[in-house]
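Order of the sequence lines sets the chain letters (A, B, ...), proteins ahead of strands, with each chain counted from 1.
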Amino acid sequence: MAKSVIVGMSGGVDSSVAALLLKKQGYDVTGLYMLNWEETDGRGVCSADADYADVQRVCGALDIPFYSVNFAKQYLDRVFSYFLSEYRAGRTPNPDVLCNREIKFGPFRDYALSMNADYIATGHYCGIEHGDGRTRLLKAKDAGKDQTYFLNQVYERQLERVLFPLAGLTKSEVRKLAEDNGLSTAEKKDSTGICFIGERNFRKFLQEYLPAQSGKILTLDGETVGEHIGLMYYTIGQRKGLDLGGKRGEEGRWFVVKKDLERNVLYVSHGDETPLYSKACRASGLNWIGYMPSQSFECAAKFRYRQPEQSVKVTLDDSGALVEFYEPQRAVTEGQYAVFYDSEACLGGGVIESVIY
RNA sequence: UGGGGUGUCGCCAAGCGGUAAGGCACGGGAUUUUGAUUCCCGCAUUCGUAGGUUCAAAUCCUGCCACCCCAG
């Protein structure tokens, strides 16, 4: 009897092709759509409806059954509340990292497996290797789309019975497959923005949930150069949105280099980006996937998505880890994740608690 | 109300008689399952203002206005 798999389908091309491939491989495939954010845009149009319609179309074309589930409550409690509290604390959270552990590989996976599926699958660009009682998370073949960064906090046991059909494909191959098989999502634009919430005016969005407190913008020398509209709207290394123009006698751009929550001051630097470069950081909430770290070891790391890997030395201690950089790193930011790699394997990661300059 | 200086896009800033560089900001787009970064495109018929000289002025002349500095 064929093994059964439930595919998390978003209505995008990636999960469409994931379902397609599994079906071709002989699995008994069922599509499952997740609704995690209940809101319409300004015009009263709910993009989730359109996405679900795409799921229906694709599943129809593949001739597989499909259902939908609603985890909006869980998303709010376990991802969005964290998102807001991090911003309140002046940090720059990465909700999509938690979304994977707390939703997709949490309630969603549990739900799917409770429907007696043998496996669950998603359209993530990453690889997975099951064997000798351990599961390893691997980078995708398409380095430019690799999404292991977002999975660094997923517990190893949550990856059991998980399939990633897109592991060996590039994005263009995926689109080609969709097209060749007549899937309506073949040309659909890649989704961006916060997962499930989508792309939107970030400031306006945050404004709906958090009170903004304007304050001064100072240089590191203490010179007042402008006014900010609320520290939460800025992140380290940012240059857009400062509304700061030219400076007498100098050429260059302004960058956010520091936030002072206590005094509600945003610090900026003009031209000179050296204040953005740090030599180490502290990470906590460490999660290891298919890996048993020794007390101290060297590996590669990324401090944000879509950044080249860097050589680092990791030293574990009671409260987390000290991550030392061999090369100074630009704009390492509290709230983002330090994710560790050993050649093709994603070892896991932790949230950046503090940065050492 | 004596002397000197400066007034060019929101901010810096070229130009110094030949028909408005550039950077920053800002807007739009590309990239991107966070927020950023990065990349591309756009962005002064007009040079504080009113006259004058000239074929031609932001550039020369004159008045006025504003700001700055030094003297009072």
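Of the candidates B:rA25, B:rU33, B:rG35, the closest approach to any side-chain atom of A:Thr92 belongs to B:rG35. Of all nucleotides listed (B:rU34, B:rG35, B:rA25), B:rG35 comes nearest to the side chain of A:Thr235. Between B:rU33, B:rU38, B:rG35, one nucleotide has an atom nearer to the side chain of A:Phe150 than all others, and that is B:rU33. Taking the side chain of A:Thr333 as heavy atoms from C-beta on, and the options B:rG35, B:rU37, B:rU34, the nearest nucleotide is B:rG35.
Separating the P atom of B:rG7 from that of B:rA14 is a span of 9 Å, rounded to the nearest Å. The same atom, P, is picked in B:rG42 and in B:rG23; the two are 11 Å apart, to the nearest Å. Distance noted for atom P between B:rC12 and B:rU1: 32 Å (whole Å). A gap of 24 Å separates the P atoms of B:rC65 and B:rG10, to the nearest Å. Comparing the P positions of B:rC61 and B:rG18 gives a spacing of 16 Å, expressed to the nearest Å. Going from the P atom of B:rC60 to that of B:rC39 covers 39 Å, rounded to whole Å. Nucleotides B:rA57 and B:rA20 place their C1' atoms 12 Å apart, quoted to the nearest Å. The gap from the C1' atom of B:rA66 to that of B:rA25 amounts to 25 Å, rounded to the nearest Å.
Surrounding NZ of A:Lys313 are at most 12 heavy atoms belonging to other residues, nucleotides or ligands under 6.0 Å away. By the 6.0 Å contact criterion, NZ on A:Lys216 is open, its count of non-hydrogen atoms from other residues, nucleotides or ligands being 12 or less. At most 12 heavy atoms of other shown residues, nucleotides or ligands fall within 6.0 angstrom of atom CG in A:Asp63.
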Could you go through nucleotides 10-14 of chain B and list every protein N or O atom that sits under 3.5 Å from one of its N or O atoms, giving the distance for each pair?
| unit_1 | atom_1 | unit_2 | atom_2 | d |
| --- | --- | --- | --- | --- |
| B:rC11 | O2' | A:Gly246 | O | 2.8 |
| B:rC11 | O2 | A:Gly246 | N | 2.7 |
| B:rC12 | O2' | A:Lys247 | O | 2.8 |

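Pairing partner, B:rA50: B:rU62, with both Watson-Crick or wobble hydrogen-bond distances short of 3.5 Å. Summarising the base pairing, B:rU38 is matched to B:rA30 through a Watson-Crick or G-U wobble pair whose two defining distances lie under 3.5 Å. Nucleotide B:rC43 forms a pair with no other nucleotide shown, judged by Watson-Crick or G-U wobble geometry with both contacts under 3.5 Å.
In this structure, the side chain of A:Asp260 engages the main chain of A:Glu262 through a donor-acceptor pair within 3.5 Å. Not a single donor-acceptor pair under 3.5 Å links the side chain of A:Gln329 to the backbone N or O of A:Ala280. Counting only distance, with no hydrogens or angles, the side chain of A:Thr235 and the backbone of A:Thr92 share no donor-acceptor pair below 3.5 Å. A:Arg161 places a side-chain N or O within donor-acceptor distance of the main-chain N or O of A:Ala117, the cut-off being under 3.5 Å. A distance-only check finds a donor-acceptor pair linking the side chain of A:Asn287 to the backbone of A:Val154 [under 3.5 Å].
Taking atom CG of residue A:Leu231 and atom P of nucleotide B:rA36, one finds them 15 Å apart after rounding to whole Å. To the nearest angstrom, P of B:rA25 lies 11 Å from CD of A:Gln238. If you measure from atom NZ of A:Lys104 to atom P of B:rU33, you get 11 Å, rounded to the nearest angstrom. Put simply, OH on A:Tyr82 is 14 Å from P on B:rU34, counting in whole angstrom units. Per the geometry, CD1 belonging to A:Ile229 stands 16 Å off P belonging to B:rG35, to the nearest Å. Distance CD1 (A:Ile236) to P (B:rU34): 19 Å, rounded to an integer number of Å. Atoms NZ (A:Lys240) and P (B:rU32) sit 19 Å apart, rounded to a whole Å. The distance between atom CG of A:Leu206 and atom C1' of B:rU34, rounded to the nearest whole Å, is 11 Å.
Judged by the 6.0 Å distance and 45° axis criteria, A:Lys139 is positioned over the aromatic ring of A:Tyr341. A cation-pi arrangement, defined by a distance under 6.0 Å to the six-membered ring centre and an angle within 45 degrees of its axis, is absent between A:Arg330 and A:Tyr357.
Both A:Asn94 and A:Phe255 sit near RNA chain B, but only A:Asn94 has its closest nucleotide nearer the 5' end. Nearest-nucleotide assignment on RNA chain B puts the 5′-proximal partner with A:Lys145, out of A:Lys145 and A:Gly237.
Near RNA chain B, meaning a heavy atom under 4.0 Å away, there are no residues from residues 159-166 of chain A. Contacts between residues 300-308 of chain A and RNA chain B, defined by a heavy-atom separation under 4.0 Å, are made by A:Arg304, A:Tyr305, A:Arg306. For RNA chain B, none of the residues of residues 340-357 of chain A falls under the heavy-atom distance limit of 4.0 Å.
Residue A:Asn100 is classed as a base contact, given a heavy-atom separation below 4.0 Å to a base. Residue contacts for A:His124: at a heavy-atom cut-off of 4.0 Å it reaches a base atom on one of the strands shown. No engagement by A:Gly144 is indicated, since no non-hydrogen atom pair under 4.0 Å with the nucleic acid exists. Among the atoms of the strands shown, only primed sugar atoms or phosphate atoms (P, OP1, OP2) are found under 4.0 Å from some heavy atom of A:Gly252.
Judged purely by distance below 3.5 Å, without hydrogens or angles, the side chains of A:Gln153 and A:Arg101 pair a donor atom with an acceptor atom. Counted by atom type alone, A:Tyr33 and A:Asp51 present zero donor-acceptor pairs between their side chains at under 3.5 Å.
Taking the centre of each ring, A:Phe83 and A:Phe80 come in below the 6.0 Å mark.
Aromatic ring pairs are classed by plane angle as parallel below 30°, tilted from 30° to 60° and perpendicular above 60°; the pair A:Trp254 and A:His270 is tilted.
Residue pairs meeting the ring pair (Phe, Tyr, Trp, His ring centres under 6.0 Å) criterion with at least one member in residues 278-320 of chain A, sequence neighbours excluded: A:Phe150-A:Tyr305, A:Trp288-A:Tyr291, A:Trp288-A:Phe297, A:Trp288-A:Phe340, A:Tyr291-A:Phe297, A:Phe303-A:Phe325.
Under the ring pair (Phe, Tyr, Trp, His ring centres under 6.0 Å) criterion, A:His124 pairs with A:Phe105, A:Phe164, sequence neighbours left out.
Hydrophobic clustering (side-chain heavy atoms under 4.5 Å, transitive across Ile, Leu, Val, Met, Phe, Trp, Tyr) keeps A:Ile356 apart from A:Val332.
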